[in-house]
Number of protein chains: 2
Amino acid sequence: MSIEKKIEPNVMDKMCPSRVVLNHVTSRWGLLALIALKEQPLRFSELRRIIGNVSEKMLSQTLKTLEKDGFVHRQSFDVMPPHVEYSLTSHGQGVSLHVKALATWVETNIESLPFADATSAQ
Amino acid sequence: MSIEKKIEPNVMDKMCPSRVVLNHVTSRWGLLALIALKEQPLRFSELRRIIGNVSEKMLSQTLKTLEKDGFVHRQSFDVMPPHVEYSLTSHGQGVSLHVKALATWVETNIESLPFADATSAQ
DNA sequence: CAGTATCCTACACGATACTG
DNA sequence: CAGTATCGTGTAGGATACTG
């Protein structure tokens, strides 16, 4: 069905490597995946449930990217039904530390930010 | 020219506040602006030059968002030609610390990431 | 369960032109 | 200089259906 594989090339691939990686780890779902996996290894659907509101497509895409970047390890057990576990590599532990710190800072300080006013009505 | 003001509403405004703010500070240009301003106050065009390849529209939009969030302070001197200085608030200093740490981690470790191979050819 | 394939839309972002 | 206004494009991301 596909002689040519259209693999959703990224615009940012012209940027310097570190910016690209930075964009991966700070991406909408990448950030949340790293934080979730920081606690413990998780299966695909567990990850989906924890992150919440992420489509299968996006989670899959995000995990592949993070795997390529060397942050996530994917272990597939060859059983039926399939069982796949995602975990952080040592590099993944490294970034997730900072990602988590950033996220925690925001959560901790959100109350004191003027932004909170705008949405505190609900 | 505009009875109704279309102010580019954000999809994410349905998310919890901290996620929204997190997205602001980790956004493509937000992240870079925070890092640049961490060193010293900067004018609009200085900021543009330092960040590089950011359009006026995006930088302006980014700065407004960060200002609303309480991370950036905008000081306008009423002279001609205009002189505007952007600087970090104390909250801005707070997040930028973590943002910078994250960015630094990536830059430091980029060489040891498998990703580097993919683009090291140029 | 753990994904892929396909289709579609909204919006992020850039380019250009204009203004105080 | 420091923006705003407007328009055009690509792509991030969702919905749905299907598969090993």
*Nearest-0.5 Å distance that lies between atom OG1 in B/Thr62 and atom CD1 in B/Ile51*: 7.5 Å
*Under 4.0 Å between any heavy atoms, over every strand shown, what does B/Tyr86 touch: base, sugar-phosphate, or nothing? Just pick one.*
sugar-phosphate
_Is the phosphate of D/dT4 approached by B/Ser60 (side-chain N or O, under 4.0 Å from OP1 or OP2)?_
yes
*Minimum heavy-atom distance B/Pro114-A/Asp69, with the two atoms named*: CD-O, 3.4 Å
*Over how many whole Å does the gap from A/Glu46 atom CD to C/dA2 atom P extend?*
7 Å
*Indicate the ring-plane relationship of B/His83 and B/Phe77, choosing parallel, tilted or perpendicular according to the 30° and 60° boundaries.*
perpendicular
*Would you please classify the geometry between the B/Trp105 ring and the A/His91 ring as parallel, tilted or perpendicular, with 30° and 60° separating the classes?*
perpendicular
*asked:* Looking at B/Arg43, I'd like to know whether one of its side-chain N or O atoms comes within less than 4.0 Å of OP1 or OP2 on D/dA2.
replied: yes
*Please give the nucleotide sitting opposite C/dG20 as a Watson-Crick or G-U wobble pair, both distances under 3.5 Å, or none.*
D/dC1
*What does A/Asn53 touch in the nucleic acid at a heavy-atom separation under 4.0 angstrom: a base, only the sugar-phosphate, or nothing?*
sugar-phosphate
*Tell me, for nucleotides 15-20 of chain C in 5' to 3' order, what letter each nucleotide earns: B for a base near a protein heavy atom under 4.0 Å, S for only sugar-phosphate near one, - for neither?*
B-B--B
*Expressed in angstrom and rounded to an integer, what is the separation of A/Met58 atom CE from C/dT4 atom C1'?*
14 Å
*asked:* Distance check, rounded to the nearest 0.5 Å: A/Leu37 atom CG versus A/Leu47 atom CG?
replied: 5.0 Å
*Side-chain N or O of A/Ser27 less than 4.0 angstrom from OP1 or OP2 on D/dA12?*
no
*Measure across B/Ser27 and B/His24 and return the closest heavy-atom pair with its distance rounded to 0.1 Å.*
OG-O, 2.9 Å
*Listed nucleotide nearest any side-chain atom of B/Ser45, set C/dA2, D/dA2, D/dG14*: D/dA2
_Integer-rounded Å distance: D/dG13 P and A/Ile51 CD1_ = 12 Å
*How close or far is atom P of C/dT4 from atom CG of A/Leu63, stated in whole angstroms?*
10 Å
*Look at the side chain of B/Thr89 and the backbone N and O of B/Gly70, then say whether any donor-acceptor pair between them is shorter than 3.5 Å.*
yes
*asked:* Please report the distance, rounded to the nearest Å, between CZ in B/Arg19 and C1' in D/dG13.
replied: 14 Å
*Taking CD from A/Glu85 and P from C/dG3, how many angstroms apart are they, rounded to a whole number?*
12 Å
*Reckon B/Arg74 touches a base, only the sugar-phosphate, or nothing at all at heavy-atom distances under 4.0 Å?*
sugar-phosphate
